[in-house]
Amino acid sequence: IEYASNGFYGASVVERRMHGERSDMLGMLMTDSVFGAHLVYDPSTAQFHVDLSELASYEPIKGYAALGGKATFERDGPRLRTVMLEYNGSRYSDFRIPLVDRAYEENNTRLGWRMAEGALIASLLSMTNLVLHVKDLHVEICTAFQAVTVDAFANRPKHPMRRLLDAFISRGVQATNDNLRLLYDFHAAQFSLAPLPHDVQLKLIDDSIKQKPLNLAEMDMERYGQLRQMDPGWSTKEAIGNSSRWGWRWHYRALTVQRLLAKYLECFLDAEGMDEDTVASDALS
């Protein structure tokens with residue numbers, strides 16, 4: 001409840017977390033928000049990295065800064081601390097510059113590293129909203145899931161597996177069809193998903209589909225961290241509850257939800273008399 005999205009409440013959470021600390025908003029977001037999904041660990045340096053430089057080639061909405069950039073983080077107690085930013089050909093590692101601070105605090109103007117930080121935050125929002133959410137979930141997974149399920153069980157609509165999947169299909173249709181029309185027929189996407197014109201967003205989606213094909217096995221939370229060289233110990237309840245060391249909060253939450261869904265599926269099928277042998281021998285399943 002404390003961190004639920006409720007209007008502008010998230011801003012007050014950020015302000016409380018930032019009070020009295022060095023102004024490292026990006027580090028805080030990488031620690032506590034879904035942006036942590038983009039982290040990659042390098043064991044040789046004990047650092048975490050985010051590389052969104054590929055977004056620099058996409059023309060932003062007129063008047064908006066270009067996307068792109070890179071960032072490096074190190075563990076600092078229970079949170080991540082930004083130690084390096086790269087953006088638009090410049091590299092920043094000194095974050096205590098009075099001129100930059102005054103411009104931000106007195107005139108709400110981003111200079112130097114703060115400009116790079118803002119661009120990284122906008123880029124992370126764009127990749128999370130536009131690619132992970134709209135492209136991966138709605139454009140690819142939901143539509144394929146719906147088509148395959150409806151076709152496979154066309155002659156057996158009361159099959160336990162079909163009844164299990166119906167709720168997910170119905171929600172997928174509800175959340176996808178009208179929303180895509182709103183986002184791209186009425187151009188709402190460029191105000192809500194990324195600071196890119198709607199046609200440039202569609203190009204980014206198309207490029208992502210062609211250059212980085214979706215692989216469901218890589219989205220399995222049991223393997224997600226391994227592919228990013230993350231220590232499994234960072235995604236445990238003990239790590240998340242430890243106030244003196246860092247834990248991969250986003251992944252712990254996602255992994256917990258996935259495991260709960262797996263239990264739900266197992267319970268449903270057990271109640272329908274479908275054990276592993278039955279599922280394996282059932283052609284539709």
Side-chain angles (χ1 to χ4, degrees), residues 5-11 13-15 18 23-30 33-39 49-71 82 84-92 100 103-143 175-212 214:
S5 176
N6 180 18
F8 203 55
Y9 180 69
V13 175
V14 171
E15 288 169 354
M18 298 289 288
S23 182
D24 183 11
M25 185 178 295
L26 182 59
M28 186 206 68
L29 291 172
M30 299 306 295
S33 79
V34 68
F35 289 171
H38 301 279
L39 288 169
H49 301 277
V50 169
D51 184 353
L52 300 177
S53 54
E54 63 194 48
L55 294 179
S57 62
Y58 295 92
E59 189 70 25
I61 297 172
K62 185 177 181 180
Y64 283 75
L67 297 177
K70 300 178 183 180
T82 307
M84 189 279 294
L85 291 169
E86 287 186 25
Y87 176 68
N88 196 26
S90 296
R91 182 184 178 100
Y92 307 94
V100 173
Y104 185 70
E105 294 166 3
E106 298 174 9
N107 301 313
N108 198 28
T109 300
R110 287 184 176 271
L111 301 176
W113 72 264
R114 284 193 183 274
M115 185 65 190
E117 179 189 61
L120 257 296
I121 292 173
S123 299
L124 285 160
L125 277 168
S126 302
M127 286 299 292
T128 303
N129 288 336
L130 189 58
V131 178
L132 289 184
H133 186 91
V134 173
K135 194 274 286 185
D136 287 355
L137 178 61
H138 292 292
V139 174
E140 297 202 79
I141 295 176
C142 276
T143 50
T176 300
N177 295 1
D178 286 341
N179 277 348
L180 287 178
R181 184 165 179 249
L182 171 67
L183 292 171
Y184 294 106
D185 284 357
F186 294 96
H187 303 172
Q190 60 194 42
F191 300 104
S192 61
L193 298 181
L196 302 171
H198 68 280
D199 55 336
V200 177
Q201 290 189 20
L202 290 173
K203 182 181 187 304
L204 173 56
I205 288 175
D206 187 56
D207 290 345
S208 297
I209 290 172
K210 292 175 180 176
Q211 297 168 13
K212 298 179 181 178
L214 182 65

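From a predicted model like this one, the values you see are computed outputs, not experimental measurements. One is the number of the first residue; the rest follow in order along the sequence.
Counting heavy atoms from C-beta on, the side chains of Met28 and Asp24 never come closer than 4.5 Å. In this structure, the side chains of Leu214 and Ile141 come closer than 4.5 Å at one or more pairs of heavy atoms. Two residues are said to be in side-chain contact when any heavy atoms from C-beta on lie closer than 4.5 Å; Val50 and Leu124 meet this criterion. Residues Leu111 and Met115 are not in side-chain contact: their nearest non-hydrogen atoms beyond the backbone lie 4.5 Å or more apart. Taking the side chain as every heavy atom from C-beta outward, Ser126 and Leu196 never approach each other to under 4.5 Å. Contact annotation: the side chain of Leu52 never approaches that of Lys70 to less than 4.5 Å [non-hydrogen atoms, C-beta and beyond]. Contact annotation: the side chain of Glu54 approaches that of Lys212 to within less than 4.5 Å [non-hydrogen atoms, C-beta and beyond]. At a threshold of 4.5 Å between non-hydrogen side-chain atoms, the residues Glu140 and Lys135 count as touching.
No hydrogens or angles considered: a donor-acceptor pair under 3.5 Å links the side chains of Asp51 and Ser53. Under the 3.5 Å distance criterion, with hydrogens and angles disregarded, a donor-acceptor pair is assigned to the side chains of Asp207 and Tyr58. Between the side chains of Thr128 and His38, at least one donor-acceptor pair of N or O atoms lies under 3.5 Å.
Scanning both residues, Asn129 and Ser192, for their nearest heavy atoms gives ND2-O, 3.8 Å. Nearest approach of Ala65 to Pro60, heavy atoms of both residues: O-CB, 3.7 Å. Gly68 approaches Leu55 most closely through the heavy-atom pair N-CB, 3.9 Å. Across all non-hydrogen atoms, the minimal contact from Arg110 to Arg114 is NH1-O, 2.7 Å. Here the closest heavy-atom approach between residue Ala71 and residue Leu26 is recorded as CB-CD2, 4.1 Å.
In this structure, Gln201 CD and Leu183 CG are separated by 8.0 Å, a value rounded to the nearest 0.5 Å. A distance of 9.0 Å separates OG1 of Thr143 from CG of Leu180, quoted to the nearest 0.5 Å. Summarising the geometry, atom NE2 belonging to His198 is positioned 9.5 Å from atom OH belonging to Tyr184; distances are rounded to the nearest 0.5 Å. The line from CG of Leu204 to CG of Leu202 is 9.5 Å long, rounded to the nearest 0.5 Å. Note that the CG atom of Leu85 and the CG atom of Leu120 stand 6.0 Å from one another [nearest 0.5 Å]. Here the CG-NE2 distance, from Leu125 to His133, works out to 13.0 Å after rounding to the nearest 0.5 Å.
Judged by distance alone, with hydrogens and angles left aside, the side-chain atoms of Ser33 form a donor-acceptor pair with the main-chain N or O of Phe35 at under 3.5 Å. Between the side chain of Tyr87 and the main chain of Ala66, a donor-acceptor pair closer than 3.5 Å is present. Arg181 places no side-chain N or O within donor-acceptor distance of the main-chain N or O of Asp185, the cut-off being under 3.5 Å. The closest donor-acceptor contact from the side chain of Glu59 to the backbone of Val200 lies at 3.5 Å or more, if one exists at all.
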message: Before you tell me yes or no, could you show the steps for Val131 and Ile205 under side-chain contact (heavy atoms from CB on, under 4.5 Å), namely the whole-Å CA-CA distance, both residues' side-chain angles and the distance that decides it to 0.1 Å?
response: CA-CA 7 Å; Val131 178; Ile205 288 175; 5.8 Å; no

field: Intermediate values then yes/no, side-chain contact (heavy atoms from CB on, under 4.5 Å), Leu193 and Val134
entry: CA-CA 9 Å; Leu193 298 181; Val134 173; 3.8 Å; yes

- request: Assess whether side-chain contact (heavy atoms from CB on, under 4.5 Å) is satisfied between Leu39 and His49, documenting all intermediate values.
  value: CA-CA 6 Å; Leu39 288 169; His49 301 277; over 6 Å; no

message: What verdict does the side-chain contact (heavy atoms from CB on, under 4.5 Å) test give for Thr109 and Tyr104, after you've listed the backbone C-alpha separation in whole Å, the side-chain angles of each residue and the deciding distance to 0.1 Å?
response: CA-CA 5 Å; Thr109 300; Tyr104 185 70; over 6 Å; no

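Ion pairing between Lys210 and Asp206 holds under the 4.0 Å rule for side-chain N and carboxylate O.
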